[in-house]
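Encoded as structure tokens, the structure appears first; notes follow it.
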Amino acid sequence: MGEKELTKFFEEYLQTKPLFKNKKALQSQYMPKTIPHREKEIDKVAGILAPILRTERPSNLFIYGKTGTGKSLVVQHVTTTINEIAIKNKLPIKIFYLNCKLKRIADTEYRLVAQLSREFGQEVPTTGLPTDEIYKLFINQVEKEKLLLILVLDEIDQLVSKVGDEILYNLIRLNTELKKSEISIIGISNDLMFTNYLDPRVRSSLSEEELVFPPYNAIQLKEILEHRAKSAFNENVLEEGVIEKCSAYAAREHGDARRALELLRVAGEITERKGLEKVRIKDLDEAESKIERDRVLDVIQSQPKQSQIALYSILKSHSNVKEDAPIFTGDIYELYKELCFKTKIRPLTQRRISDIIAELDMLGIITAKVISKGRYGRTRQICLAIPDSTIIKVNDILKEGLNI
DNA sequence: GTCAATTCACATGAAAGAGACCACGGTCTAGTG
DNA sequence: CTAGACCGTGGTCTCTTTCATGTGAATTGACGA
């Protein structure tokens, strides 16, 4: 593009009427003022937490629900309201929201408590202190002022599956150590079976109250999308049926509102880039595959080098082998060792590669099924789980990243 | 032909190690008054 | 005398290795019909 064309391009860009009025309304952090179809849940959460306004400790609460069913949204909605009231009436209430999935912030016991202390304004080293030391720091902070504390732990299943359930036990036990203050815990989990893995003592005290968020159905999704689209898009830029298709798509995937919104947003972005005036139904498919491709590429690029080599081995043997012929762990490991030799990287043991393959499976890049070949042993049967068009891109990225 | 034992090629678990971070306290050094 | 540089120690955290145990069906081989 020459300079003139570039100017022209920008001129034209400025000329075209923008599709979006407020794109933020479609992003996942957006907090809408009203939350359709969650009135009952809001009432319940509010009811459970209300005693805190009379300076009584509310029950611990446990919330289940699949992704994109509005759990975090509802809790944040209620807690921010409480916070406002507390500030207005000068009540000694503090509410902390922590997402346990956030890497390097709250994904281990130490980091979680450190983060809590930080919220109190206490400077805490990111590492280096013994864990009980950090607990002491935190307790001191809390005890300085008489407080009622609500601790919202989002995606708590992630945390527990990583570090075990002692952390919850410790948190619950904090109450007995605190003299002036009191803590309630709100746990939010995507995994419905989560509490089954917990120590019974922890389970009973953690889920004094329980709440399940059902998935949205297609009709509800449609209303949510309409509601948000109204503030996100300008008038008349959505073709008839776009919202319906988005909601149908998300309803298929266990009623995940977040995905529906993302789909709508990406479709809008694609339309904008194409310079079209209206979001068309047929662009939704493109949006869908773009979302998927971006996700895959993102995941792969954030993988450590060793996983990338392992994945590259899988890609390579996938292209070597005839259509749909199964690939086994042993083959991958041989190829992997060869690649390591070529690139002068120290190869990992088969044990580790086995785990890495399982991890790639978890990420949805491959599917690996454990099968038994009878006399010929037990192994994983590995297939790629990404479309061909993406495979090529993945291949390029890996090649570049690994200098092969 | 039937049935239990065998066998393969890994899967899966547990525990411990390596190495990168980091804080803290003590010691050393150079600069200052 | 003091601020800053420089250790050693002890802690966390992530990624790995080592060692040990588990596993499911094809294959084998003994057995009886």
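Letters A, B, ... mirror the listed sequences (proteins, then strands); counts begin at 1.
- Considering every non-hydrogen atom in both A:Ile243 and A:Ala229, the closest pair reads CD1-CB, 4.0 Å.
- Nearest to the side chain of A:Thr108, among C:dT14, B:dT12, B:dC10, sits C:dT14.
- For A:Asn190, the side-chain hydrogen bond (donor to acceptor under 3.5 Å, both in side chains) test picks out A:Lys71, A:Glu155, with sequence neighbours left out.
- For the pair A:Arg380 CZ and B:dT12 P, the interatomic distance rounds to 5 Å; values are reported in whole Å.
- Using a cutoff of 4.0 Å between basic side-chain nitrogens and carboxylate oxygens, A:Arg380 and A:Asp361 are not scored as salt-bridged.
- Identified under the salt bridge (Lys or Arg N to Asp or Glu O under 4.0 Å) test for residues 386-397 of chain A, with sequence neighbours left out: none.
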Strictly under 3.5 Å: I want the nitrogen or oxygen pairs between protein and nucleotides 16-19 of chain C, one per line.
| residue | atom | partner | partner atom | Å |
| --- | --- | --- | --- | --- |
| C:dT16 | OP2 | A:Arg352 | NE | 3.0 |
| C:dT16 | OP2 | A:Arg352 | NH2 | 3.3 |
| C:dT17 | OP2 | A:Thr349 | N | 2.9 |
| C:dT17 | OP2 | A:Thr349 | OG1 | 2.9 |

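- Whole-Å rounding puts the A:Ile345 CD1 to C:dC15 P distance at 16 Å.
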Dump every N/O contact between nucleotides 15-17 of chain B and the protein below 3.5 Å, one line per pair.
none

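- Against DNA chain C, the stretch residues 357-364 of chain A makes no heavy-atom approach under 4.0 Å.
- Salt bridge status for A:Lys290 with A:Glu262: absent, with no side-chain N to carboxylate O gap under 4.0 Å.
- Look at CD1 on A:Ile353: it is 16 Å from C1' on B:dA9, rounded to the nearest Å.
- Residue A:Lys274 comes nearest to A:Glu286 through the heavy atom pair NZ-OE1, 3.1 Å, listed as atom of the first residue, atom of the second, then distance.
- Rounding to whole angstrom units, CD1 of residue A:Ile371 and P of C:dG24 are separated by 13 Å.
- Straight-line distance from the CD1 atom of A:Ile382 to the P atom of B:dA9: 16 Å, rounded to whole Å.
- One finds a salt bridge joining A:Glu269 and A:Arg265 here, because a Lys/Arg side-chain nitrogen approaches an Asp/Glu carboxylate oxygen to under 4.0 Å.
- Using a 4.5 Å cut-off on side-chain heavy atoms (C-beta onward), A:Leu206 and A:Leu171 make no contact.
- We find that CG of A:Leu112 is positioned 16 Å from P of C:dT12, with the value rounded to whole Å.
- A:Asn170 meets the side-chain hydrogen bond (donor to acceptor under 3.5 Å, both in side chains) test with A:Glu109; sequence neighbours excluded.
- Contact check on A:Lys8 versus A:Glu11 returns no salt bridge, with no Lys/Arg side-chain nitrogen under 4.0 Å from an Asp/Glu carboxylate oxygen.
- Within 6.0 Å of NZ on A:Lys222 lie no more than 12 heavy atoms contributed by other residues, nucleotides or ligands.
- Scored by the side-chain hydrogen bond (donor to acceptor under 3.5 Å, both in side chains) test, A:Glu208 finds A:Arg57 as partners (sequence neighbours excluded).
- Among residues at least two apart or in separate chains, there is no salt bridge (Lys or Arg N to Asp or Glu O under 4.0 Å) pair with a member in residues 298-317 of chain A.
- With sequence neighbours left out, A:Phe341 forms a side-chain contact (heavy atoms from CB on, under 4.5 Å) with no residue at all.
- Rounding to whole angstrom units, CG of residue A:Asp331 and P of B:dC10 are separated by 7 Å.
- Taking atom CD of residue A:Gln308 and atom P of nucleotide C:dC15, one finds them 13 Å apart after rounding to whole Å.
- The closest side-chain heavy-atom distance from A:Phe328 to A:Ile371 is below 4.5 Å.
- Taken over five-pair windows at either terminus, the axes of the helix from B:dG1-C:dC31 to B:dG31-C:dC1 are inclined to one another by 20° (rounded to 10 degrees).
- Look at A:Thr329 and you won't find any side-chain N or O under 4.0 angstrom from OP1 or OP2 of B:dC10.
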Under-3.5 Å N/O pairs linking protein and nucleotides 25-29 of chain C:
| residue | atom | partner | partner atom | Å |
| --- | --- | --- | --- | --- |
| C:dA25 | O4' | A:Ser372 | OG | 3.4 |
| C:dA26 | O4' | A:Arg375 | N | 3.1 |

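- With sequence neighbours left out, the side-chain hydrogen bond (donor to acceptor under 3.5 Å, both in side chains) criterion links A:Gln381 to no other residue.
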